[in-house]
Amino acid sequence: MKAMLVGENESLVWTDVEDPIIKDDEVLVKIHAAALNRADILQRKGTYPSPEGCPQWPGLEIAGEITEIGKDIPTLSDWKTGDKVCALLGGGGYAEYAAVKYDMLMPVPNGLTLEEAASLPEAYATSYLNLFIEGHLEAGQTAFIPAGASGLASAAIPLAKAFGARVITSVLSDEIAERIKGLGADIIINSTTQNTAEILAKEEKEGRPVNVSMDCLSGEMLGESLPYMARGGYWVVISTLAGTETKLMLRPLLTKGLHVVGSMLRNRTPKFKAELLATLVEKVWCKFESGELKPSVYKVLPIEKAKEAQAILERGENVGKVVLKVSD
């Protein structure tokens, strides 16, 4: 089969590799589409390698068709050849085929294309984990989800809204704010012209403090904004794109009983990930099938243009997910 290997000078080369050999508890998926994540770019740059045991090429989420099942699959699950599935991978999605453990698979929600389904596993697993499990978000509460134009926020904002939360997000310009209005955020902060901490302080004063933040930016903004959270609030740090250091005022942390939580999906146990995916199918997939949630796909490009697709993320051009089409 072919897969997208990282070559010299951070190039991406669509080249022949050995076909996957499935284990007894795995299925072989013919990949139709693979969605992009910033981890793919870091992997291309050599700073975020695949976990041990995973293929060396990038790709964390895919959709396609089961073409072969391991001998234990009939006793472990209901999966069968011909099923349309999407999957969360440790790596290896930029390829024609992938061997996937049975409990890392999810059915494609009714009414969605395979390109749309490929955009779901990583983004919605990450969002659900950090909003509802780590952040304990409840209906009627307020979530702060910075970087509103990111592929992750394009899932997290509608997800929080679908479960009855109020959402504040931030972007870098009024133009971007206009582009993301369709995601449904209640307040969009232009962090170039507005001070995020001042906006959150105003919200607290008016009785609408932030209960949960799913923060991929961090940096100075974290320490400046944390004091204005609701009592018992959870600030969940999932990345540090705006900086690895902040000045933290400890008094509000103490008096309000606040929680600062570090969270990564990639380093969770396989058992945890499997349970998380099962929760998505149980609680979130029905919202896609009813139309309450809609996938946000910015652009679909052929797999051969993977580096061009990654450049869209690097430029911050996309609102929603960028997807690679691998096969028809």
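Computed over heavy atoms, backbone and side chain alike; hydrogens, waters and symmetry mates excluded.
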Quick one: do Lys71 and Glu26 satisfy salt bridge (charged side-chain N to carboxylate O under 4.0 Å, His left out)? Show the steps, please. CA-CA 9 Å; Lys71 72 180 184 66; Glu26 293 180 336; over 6 Å; no
Residues Arg179, Ser173; criterion side chain to side chain donor-acceptor pair (under 3.5 Å); working and verdict: CA-CA 10 Å; Arg179 281 163 44 199; Ser173 71; over 6 Å; no
Is there a side chain to side chain donor-acceptor pair (under 3.5 Å) between Asp40 and Tyr48 once you walk through the steps? CA-CA 8 Å; Asp40 305 346; Tyr48 201 61; over 6 Å; no
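In the hydrophobic clustering, where aliphatic and aromatic side chains (Ile, Leu, Val, Met, Phe, Trp, Tyr) are joined below 4.5 Å either directly or transitively, Val300 groups with Val297, Val323. In this structure, Val17 belongs to a hydrophobic cluster whose other members, linked by side-chain heavy atoms under 4.5 Å apart, are Met1, Leu5, Ile22, Leu28, Trp57, Tyr97.
In summary, Glu198 and Lys202 do not engage in a salt bridge, as defined by a charged side-chain N under 4.0 Å from a carboxylate O. Lys325 and Glu304 are not joined by a salt bridge, as no carboxylate oxygen comes within less than 4.0 angstrom of a charged side-chain nitrogen. Taking 4.0 Å as the cut-off between side-chain N and carboxylate O, Glu61 and Lys321 count as a salt-bridged pair. Ion pairing of Arg266 with Glu122 is absent here, as no side-chain N (NZ or NE/NH1/NH2) approaches a carboxylate O to less than 4.0 Å.
Taken together through direct or relayed side-chain contacts under 4.5 Å among Ile, Leu, Val, Met, Phe, Trp and Tyr, Ile168 and Leu241 form part of one hydrophobic cluster.
With sequence neighbours excluded, the residues satisfying salt bridge (Lys or Arg N to Asp or Glu O under 4.0 Å) with Lys161 are Asp186. Here Glu245 pairs with nothing under the salt bridge (Lys or Arg N to Asp or Glu O under 4.0 Å) rule; sequence neighbours left out.
Here the CD atom belonging to Glu292 is positioned 10.0 Å from the CG atom belonging to Leu159, to the nearest 0.5 angstrom. Here the straight-line distance linking atom CG of Asp174 with atom OG1 of Thr193 works out to 5.5 Å at 0.5 Å rounding. Residue Thr142 holds its OG1 atom at 10.0 Å from CE of Met229, rounded to the nearest 0.5 Å. The structure places CH2 of Trp235 at 10.5 Å from CG of Leu248, a figure rounded to the nearest 0.5 Å.
No donor-acceptor pair under 3.5 Å is formed between the side chain of Glu275 and the backbone N or O of Phe272.
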List the atom pairs, with distances to 0.1 Å, where a side-chain N or O of residues 150-158 and a protein N or O form a donor-acceptor pair under 3.5 Å, not counting sequence neighbours.
unit_1: Ser150; atom_1: OG; unit_2: Ala147; atom_2: O; d: 2.9
unit_1: Ser150; atom_1: OG; unit_2: Ala153; atom_2: N; d: 3.0
unit_1: Ser154; atom_1: OG; unit_2: Gly151; atom_2: O; d: 2.6

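Ring centroid separation for the pair Tyr124 and Phe288 comes in under the 6.0 Å cut-off.
Screening residues 77-96 for salt bridge (Lys or Arg N to Asp or Glu O under 4.0 Å) gives Glu65-Lys84, Lys80-Asp83 as the qualifying pairs, with residues at least two apart or on separate chains.
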